[in-house]
Structure formats: C-alpha cells, structure tokens
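What follows is a set of notes on a single structure, which appears directly below.
Basis for what follows: all heavy atoms, side chains included, without hydrogens, waters or symmetry-related copies. Keep in mind that this is a model prediction, so the values were computed, not measured.
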Amino acid sequence: MTKFRKLNRPTGHRMSMLRTMVSQLVKHERIETTVAKAKEVRRLADNMVQFGKEGTLCAARQAAAFVRGDDVIHKLFTELAYRYKDRAGGYTRMLRTRIRVGDAAPMAYIEFIDRENELRQSKPPNPQPPQRPAMDPWTRSRLSRQFAPPKEEKISDSDS
C-alpha cells in the first residue's frame, strides 16, 4: 500500500481538495500552494498526464473520474499528451517560494515543465560520462605511487 499525506483532513475533504487542485493545475499550468500539498498534487498530476499519454478509452474514463471539467480532460488528452510524448516522467516541478504570513507555512509553486513563461528553465539532458577503461588490478595506483617509497631493487653480488 502506498504512503500518502493525510494533510490533516478527512478523506472526502482531502480527495475533493486534491481533485480540484489537479484540475486547476492542468487548466492554469501553475498554482501556488503549501509544500506538502504540492508534493501530493505532483504525484497525482503526473498520473493524469500518464493517462493522457495512453490515450485509450479506459484511461480517459479513469482521468474523467478524477479531474473536474471537460476542458481539463480535453487539455490532458491533446495538448499535454503531445507536449510530453517523448518524456518518460517528471512532468511537474515544485519551486519553494516564501513563508506564508498568517501561519508561517512554507509555500511553493507547482508547474508543468517545458512550457512558455516557466519560472525556471528545464535542464538539458545530461550527456553520458565517457567510459573509463577497466582497471588492471595488478598495476599500482597513482596515489600509492605518490605516497609509497620507491621500491629498491636488490642487486645480487653473485658477479663479484
């Protein structure tokens, strides 16, 4: 069973709040909320985008059972599915912003990545590091050569 935050609310209130927040995130593509709520919304919003990428009737019904509004469903299955067709996951970003004045709750923006007017640009994919050759276990390392005294060769006196 997966762990999730209860957010100090009964189940019905919590699910209603999260459904509304996911729907508003899809509609506006950026919302400001508390950090704990943003982490939960990120998990659910990524699942909704995954349903949009599948594009099946079953996925459409599952998404329609969660998000609110036909315009939100249409945006999930057209615009967002096309935008993230090559991305394997991580469709949202959370940016911590401020401390709320009334109750000192840490606030954060949650937004979709790869869109116009982003708060922070997406990082380009990291290139793969070059492959290092396999190390021969019998050769001495550079560190041991640096600190170990040089080996003294034994000179045999059998010639003299």
Side-chain angles (χ1 to χ4, degrees), residues 1-135 141-143 146-147:
M1 187 167 171
T2 60
K3 297 284 284 181
F4 57 88
R5 292 167 182 81
K6 294 186 179 176
L7 301 173
N8 205 16
R9 286 167 171 77
T11 305
H13 183 193
R14 180 178 61 245
M15 290 310 295
S16 176
M17 178 189 66
L18 291 174
R19 287 176 60 190
T20 302
M21 291 179 82
V22 169
S23 301
Q24 292 300 310
L25 176 64
V26 171
K27 187 175 184 179
H28 300 290
E29 297 197 5
R30 180 192 307 150
I31 57 174
E32 186 180 22
T33 182
T34 62
V35 171
K37 290 178 194 168
K39 288 179 180 179
E40 283 300 303
V41 168
R42 175 176 57 187
R43 184 172 65 92
L44 297 168
D46 284 355
N47 285 344
M48 293 300 116
V49 173
Q50 199 65 38
F51 285 146
K53 284 174 61 175
E54 284 178 29
T56 62
L57 179 63
C58 180
R61 286 178 174 162
Q62 285 178 316
F66 190 80
V67 297
R68 296 182 171 160
D70 294 335
D71 56 340
V72 175
I73 301 254
H74 180 70
K75 187 172 183 177
L76 269 175
F77 281 82
T78 55
E79 185 181 333
L80 295 180
Y82 178 74
R83 186 188 304 169
Y84 300 121
K85 66 178 185 268
D86 296 329
R87 184 175 284 273
Y91 311 110
T92 54
R93 163 190 308 126
M94 190 187 76
L95 297 169
R96 294 171 188 259
T97 55
R98 62 188 173 97
I99 302 294
R100 191 161 54 193
V101 174
D103 58 354
M107 301 295 285
Y109 278 118
I110 181 166
E111 67 176 0
F112 283 111
I113 60 173
D114 296 336
R115 65 181 189 91
E116 300 88 22
N117 301 326
E118 282 185 295
L119 293 176
R120 180 179 297 161
Q121 294 298 319
S122 297
K123 295 179 183 175
N126 293 334
Q128 292 293 328
Q131 291 291 333
R132 296 175 63 184
M135 194 172 98
S141 69
R142 187 181 329 150
L143 196 63
Q146 181 180 357
F147 293 112

Measure the spacing between OG1 of T92 and CD1 of I110 and express it to the nearest 0.5 Å. 4.5 Å

If I take atom CZ from residue R93 and atom CZ from residue F112, how far apart are they, to the nearest 0.5 angstrom? 12.0 Å

CA sep, side-chain torsions, deciding dist, call: K53, F77, side-chain contact (heavy atoms from CB on, under 4.5 Å): CA-CA 7 Å; K53 284 174 61 175; F77 281 82; over 6 Å; no

Between L76 and V49, is there a side-chain heavy-atom distance shorter than 4.5 Å? yes

With no hydrogens and no angle check, is any side-chain donor or acceptor of R100 less than 3.5 Å from a backbone partner on A105? no

For a quick check under 3.5 Å, do S16 and R9 share a side-chain donor-acceptor pair by atom type? no

When you compare the side chain of I113 with that of R87, does any pair of heavy atoms fall below 4.5 Å? yes

Taking C-beta and beyond as the side chain, do R68 and V72 meet within less than 4.5 Å on heavy atoms? no

Start with the C-alpha distance between E29 and K75, add both sets of side-chain angles, then the distance that settles side-chain contact (heavy atoms from CB on, under 4.5 Å), and finish with yes or no. CA-CA 11 Å; E29 297 197 5; K75 187 172 183 177; 3.1 Å; yes

What's the spacing between M94 CE and K39 NZ if we round to 0.5 Å? 5.0 Å

Is it true that Q50 and Y91 share a donor-acceptor pair across their side chains at a distance under 3.5 Å? yes

Kindly indicate, with the supporting measurements, whether the criterion side-chain contact (heavy atoms from CB on, under 4.5 Å) is fulfilled by L25 and V41. CA-CA 9 Å; L25 176 64; V41 168; 3.9 Å; yes

Report the distance from atom CE of M21 to atom CG of L44, rounding to the nearest 0.5 Å. 10.5 Å

Assess whether atom CZ of R5 is packed by more than 12 heavy atoms of other residues, nucleotides or ligands within 6.0 Å. yes

Would the number of heavy atoms belonging to other residues, nucleotides or ligands and lying under 6.0 Å from CG of D103 be above 12? yes

Side-chain touch I99/M107, heavy atoms, less than 4.5 angstrom: no

Do R43 and E40 meet the salt-bridge criterion of a basic N to acidic O distance under 4.0 Å? yes

More than 12 foreign heavy atoms under 6.0 Å from CZ of R98: is that the case here? yes

To the nearest 0.5 Å, how far apart are CD1 in I73 and CZ in F66? 11.0 Å

Looking only at side-chain N and O atoms, does T97 offer a donor or acceptor that is under 3.5 Å from a partner on E32? yes

